[in-house]
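A quick write-up on the structure given underneath.
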Amino acid sequence: MECISGKIVNGDTTLAADVEFWIAHGTTDDDWNGTVELPPGVHVDTDATYRIELKDGRSGPARITNVGAPDDTTHAVGFRGAGPLA
């Protein structure tokens, strides 16, 4: 599993920047999943697809699998790749 900074985007709108993604890679380019800790006030919907753009230039679509309850500083969000992360 790798940890890398990036942002989560919905269309042309950046929902959260400079967040850390924990990403696990499977056996194909489409097989990846992970978690991200989003700051307070950032809302994503379960089963919705957003774009992840990483600091190293890779990007790809990710479907939200679960959204944890927020605390005072962050809330954990799980995702699964919905296409290649390239």
Side-chain angles (χ1 to χ4, degrees):
M1 185 169 274
E2 72 173 307
C3 179
I4 186 167
S5 294
K7 61 185 176 179
I8 186 164
V9 178
N10 186 14
D12 293 332
T13 303
T14 298
L15 301 178
D18 296 320
V19 293
E20 288 187 342
F21 292 92
W22 289 89
I23 300 174
H25 300 276
T27 57
T28 68
D29 290 341
D30 290 350
D31 186 13
W32 53 282
N33 65 79
T35 61
V36 60
E37 295 280 336
L38 294 180
V42 176
H43 176 79
V44 293
D45 295 313
T46 303
D47 292 325
T49 300
Y50 300 90
R51 183 157 204 80
I52 290 175
E53 298 179 1
L54 303 175
K55 293 270 184 177
D56 66 3
R58 292 178 294 161
S59 65
R63 181 172 300 278
I64 303 302
T65 57
N66 64 296
V67 178
D71 62 24
D72 291 337
T73 58
T74 63
H75 61 282
V77 173
F79 58 85
R80 178 165 298 284
L85 179 65

List the steps, then state whether side chain to side chain contact (heavy atoms under 4.5 Å, CB included) holds for His25 with Leu85. CA-CA 9 Å; His25 300 276; Leu85 179 65; 3.9 Å; yes
Yes or no on side chain to side chain contact (heavy atoms under 4.5 Å, CB included) for Thr13 and Tyr50, after CA distance, side-chain angles and deciding distance? CA-CA 10 Å; Thr13 303; Tyr50 300 90; over 6 Å; no
When you measure from the side chain of His75 to the backbone N and O of Val42, does any donor-acceptor pair fall under 3.5 Å? yes
Looking at Arg80 and Asn33, would you say the former's side chain and the latter's main chain have a donor-acceptor pair under 3.5 Å? no
With rounding to the nearest 0.5 Å, note down the distance linking [atom1] in [X] to [atom2] in [Y].
X: Glu20; Y: Ile4; atom1: CD; atom2: CD1; answer: 10.0 Å
X: Thr65; Y: Phe79; atom1: OG1; atom2: CZ; answer: 8.5 Å
X: Glu53; Y: Ile8; atom1: CD; atom2: CD1; answer: 10.0 Å

Can you check side chain to side chain contact (heavy atoms under 4.5 Å, CB included) on Ile52 and Trp32, steps first, answer last? CA-CA 12 Å; Ile52 290 175; Trp32 53 282; 4.0 Å; yes
How close do [X] and [Y] get, heavy atom to heavy atom, and via which atoms?
X: Pro61; Y: Thr49; result: CB-CG2, 3.9 Å
X: Ala16; Y: Leu38; result: CB-CD2, 4.0 Å
X: Met1; Y: Ala24; result: CE-CB, 3.7 Å
X: Ala17; Y: Lys7; result: CA-CB, 3.7 Å

Show your working on side chain to side chain contact (heavy atoms under 4.5 Å, CB included) between Lys55 and Asp18 and close with a plain yes or no. CA-CA 9 Å; Lys55 293 270 184 177; Asp18 296 320; 2.8 Å; yes
Should [X] and [Y] be regarded as members of a common hydrophobic cluster, given that ILVMFWY residues are connected when their side-chain heavy atoms come within less than 4.5 Å of each other, either directly or indirectly?
X: Val9; Y: Val67; value: no
X: Leu15; Y: Val36; value: yes
X: Val44; Y: Phe21; value: yes
X: Trp22; Y: Val19; value: no

